[in-house]
Structure formats: C-alpha cells, structure tokens
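Below: the structure, in structure tokens.
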Amino acid sequence: MIRRFLTYFFVAVIAGLLLAITQLDLWETGRQPSDALELVIGGPLVEPVGRIWIDTDAACGTAPRTDPDDCFAIVWLASRGFDITGISTTFGNAAGSVVEKIVETLVQEMTQHHLSDIPVWKGHAEPLLSGTTSTEPGVTALRAALERGPLTILALGPLTNIAAALDGRRDLQRRVTRIVAVMGHRPGHLFHPTEGKGSGALFGHGPIFRDLNFSADSDAASRVLGMNLPVTLIPYDAASSIMITRPDLERFAERGAIFASLTEKARDWLKFWNDDVGLPGFYPFDWVASAYLANPRLFDCAQTKTWIAQEWTFWLIPHRSLLAGTPPAGGDTGFDIIYCPQAAPATHDYLLFLEKPK
C-alpha cells in the first residue's frame, strides 16, 4: 500500500515538473491566461470614507519574513488626519497574542509622537465557526462603533472579526460604508514576487506567497461576501507595481521619530526581499490598501464578480482561492465587488509623502 502510494506520488511530481518545464513562461511569471477585466481608469466612484475601522494582523518586523505593511498603513492614515475610530487585532502574519502586543505598542508610540490615540481591542486569534456567538472585545467594539454610525472597514488580515460582528445583524450591515480587503486574485495566478524579473532560484521562480488573508479563514470571507455589502478588493497585483527600496525607507525615516521607527522594523523584511526574492525592494501590500482609502482615484478598478473555487499550486497542491473576473458558466454566480489590480505610478510618491496626486 505504501509502495503504491509512493509510486503515485513520484509519478505526480514528475508529471508536474514536466508540465512546468513545457510551460516555462507560466512557471516564471506565475500567471495563466484569463479573461480581460474592464478596468475603469481611476476606478468607479465610491462613497467618501468617513470614520474608519482597521482590522489588522500586524506582525511588523517580529521575524525576518514578517512584513511591516500593517504598521505603515496605520501610521500613514493617522498622520494624514483620517478619523480612525478603532483597531481590532486578529491572526495571520503572527499569532493573535503577538499582534495584540504589537498594535498596542505601536499606538502608544504614535501617541507619544502626537498622532491619534486610537483605541485597540483584542479580536479573534483563530477562525470562528459560523453560527458561534462572539464575545471578543474587538468584535463587541466594532459592533458598538457601527451602532454609533457608518464605518469604512479596512481589513488588513482575515475577515474573522468582521464576519463575527456582522453575522445576523442586518442593522449593522447597513451601516458599513465599504469594506476594503487585501485579498483575491485572478484565476491561475500563483504569487511569487520575482515573476521572471528577480534572481530567484529554479528558472527565475523564487519564494511563493499565498493569499494569506483569504486562506487563513476562507469561511469568514465567504460569509462577509454573502452579505452583499459594498466591497473593494485590493489584491497582490495592486502592490506589485509599487516597490519600496532602501533609499525610499531612508527618505521616509527623515520625517520624524515614528517614521524612523517604522523604517527600522522594515529592515529585515527588505533584506529578505533583497537576498531571497532577488528584488531591490518590497511590495507594500497593506500600505497600498490604505492609499485606496485616502485617494481611490489612484487605482484602476473593475466592477466585477468574485467567487471561491479550488485551484492547484504547481498543478499538484489543491487550495481554495478567492477569484475575480467572470465566474465559469454553470458554477458559482459570484458576489459583486470592485476589484482594483492596478495602482498608478504616482502611488509610490504618495505613500512616501513626496507628492500629493492631483
């Protein structure tokens, strides 16, 4: 029995490698052909953000391969004077207890440097089963904030807290101005940042990322999307045209102590991208999503559908994916969303406070 299993396994591996070699362009870029999106330059008009709630899985430099983007997003929005009503913590880039400490420390540091004193509440540290009543402080606080008035929710991690707060609460769902979530991709897109451009190993194919915010709690994402709320997805592609390099960080640090502190938290992440990915900088995933809140006209977006389907990494490993575009005929009809895969080149300077787009 074991011998038969091993035989099937090695046959599958060899078949996959042969397929990869015969489709080298797909291997290098991680992109399979898909239907074209009807992008609107500057994106469809959306409601002004108003009050903002941030749900985050901030890891912010706790390990060399943990991105600092959440912390950049939070500080960047606060420094531009946006009304951040509260922050709830979740899991993903780090364990929930780690995220809670990181965000509390960050907000304390922001307060010391005369930025907003934003309330922080502990949210879920793992997925929550549908139908389970949540009593986590972050979920309770989000509900209370919605009861006081409309909110735009910036979801930088899995949608666990958001689903828990809104499940069965149509009254609160109607108070959601928009959810901006960092997740989703086009069919057949495998995330590996070199995409034929860097010095990654094995025919230009470097480290592989996953759609973490979706895959960490795909059930919560499905429940939130099923509520038919205004949703914008800011995917991997939106950030992949923006690169933050060492000179960028040094320039950013010159703005003051809080910005210098963020830069220090990003050094190991930058080194990982330099050494392992083989690129001169990193893509600022969650930071780019904060730019959408501040200026959605920087993004080219499509009013389209998203649906959940099974895909195969390297044609071998099955996983659930949140896809955007036209759902296949006869399958899931999908959910209406705005999908923003392109950020204008000016976004780079906008993030670094170098230029304010017109």
Side-chain angles (χ1 to χ4, degrees), residues 43-58 70 73-90 99-100 103-104 106-107 110-111 114-124 128 133-183 213 220-221 223-234 286 289-299 301 303 335-338 340:
L45 291 176
V46 294
E47 307 86 344
V49 296
R51 299 160 66 233
I52 296 172
W53 185 278
I54 300 177
D55 190 72
T56 178
D57 62 340
D70 294 63
I74 293 167
V75 171
W76 190 84
L77 281 171
S79 65
R80 286 189 174 272
F82 284 88
D83 181 8
I84 303 175
T85 299
I87 300 174
S88 51
T89 64
T90 188
V99 173
E100 183 185 3
V103 177
E104 287 177 346
L106 175 68
V107 170
M110 290 168 61
T111 304
H114 310 294
L115 288 178
S116 302
D117 183 8
I118 307 167
V120 178
W121 286 278
K122 173 182 174 293
H124 284 279
L128 183 70
T133 301
S134 173
T135 57
E136 287 289 352
V139 173
T140 302
L142 175 53
R143 289 188 189 122
L146 284 165
E147 286 168 352
R148 291 194 298 272
L151 279 179
T152 296
I153 301 173
L154 178 59
L156 303 179
L159 301 186
T160 309
N161 293 328
I162 298 165
L166 298 177
D167 273 338
R169 294 293 303 268
R170 288 296 302 163
D171 59 324
L172 300 186
Q173 294 172 24
R174 287 191 288 269
R175 297 282 182 95
V176 176
T177 302
R178 179 163 298 276
I179 295 174
V180 178
V182 183
M183 60 177 62
N213 293 345
R223 282 151 49 207
V224 170
L225 290 167
M227 296 172 190
N228 295 314
L229 306 173
V231 171
T232 295
L233 298 184
I234 306 294
D286 298 315
S290 68
Y292 178 84
L293 291 191
N295 192 341
R297 307 301 292 170
L298 285 169
F299 293 78
C301 311
Q303 287 184 312
F335 309 101
D336 292 323
I337 57 158
I338 293 177
C340 300

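All values below were derived from every heavy atom in this structure, side-chain atoms included, with hydrogens, water molecules and symmetry-related copies excluded.
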Which atom names give the shortest non-hydrogen contact between A73 and L156, and what distance separates them? CB-CD1, 4.1 Å
Is there a donor-acceptor pair under 3.5 Å between the side chain of R51 and the backbone N or O of T85? no
F82 to L293 - nearest heavy-atom pair and separation: CE2-O, 4.4 Å
Nearest 0.5 Å, what's the CZ-OG distance between R143 and S134? 5.5 Å
Please tell me if the side chains of L151 and R175 come closer than 4.5 Å, counting only heavy atoms from C-beta onward. no
Any chance you could lay out the side chain to side chain contact (heavy atoms under 4.5 Å, CB included) test for V180 and I153, step after step, and finish with the verdict? CA-CA 6 Å; V180 178; I153 301 173; over 6 Å; no
Please determine if E104 and K122 form a salt bridge, counting it only when a charged side-chain N lies under 4.0 Å from a carboxylate O. no
Hey, could you give me the CZ/CG distance between R169 and L142, rounded to the nearest 0.5 Å? 10.5 Å
Check step by step if side chain to side chain contact (heavy atoms under 4.5 Å, CB included) holds for L45 and R297. CA-CA 8 Å; L45 291 176; R297 307 301 292 170; 3.5 Å; yes
With sequence neighbours left out, write down each residue that passes side-chain hydrogen bond (donor to acceptor under 3.5 Å, both in side chains) with T90, or none if nothing qualifies. none
CA sep, side-chain torsions, deciding dist, call: I54, I52, side chain to side chain contact (heavy atoms under 4.5 Å, CB included): CA-CA 7 Å; I54 300 177; I52 296 172; 3.9 Å; yes
Which is it for I338 and L233 under the side chain to side chain contact (heavy atoms under 4.5 Å, CB included) test, yes or no, and what are the steps along the way? CA-CA 6 Å; I338 293 177; L233 298 184; over 6 Å; no
Show the nearest heavy-atom pair for residues P150 and T177, with the distance to one decimal. CB-OG1, 3.5 Å
To the nearest 0.5 angstrom, please state how far the CG atom of D286 sits from the CG atom of L154. 7.5 Å
If you look at every heavy atom in C340 and Y292, which pair is closest and at what distance? SG-CE1, 3.8 Å
So which heavy atom on N213 is nearest to which on V182, and how close? ND2-O, 2.9 Å
As an exercise, state the distance from CG of L159 to CG of L128, rounded to the nearest 0.5 Å. 13.0 Å
Closest non-hydrogen atom pair between E100 and T89, with its separation: CA-CG2, 3.9 Å
Would you check if the side chain of Q173 reaches a backbone N or O of L166 as a donor-acceptor pair within less than 3.5 Å? yes
Working to the nearest 0.5 angstrom, can you tell me the gap between L225 CG and M183 CE? 8.0 Å
How are the rings of W121 and W53 set relative to one another: parallel (under 30°), tilted (30 to 60°) or perpendicular (over 60°)? parallel
Would you kindly say whether T232 and R178 are connected by a side-chain donor-acceptor distance under 3.5 Å? yes
Between the OG atom in S88 and the CG atom in N161, the distance rounded to the nearest 0.5 Å is 4.5 Å
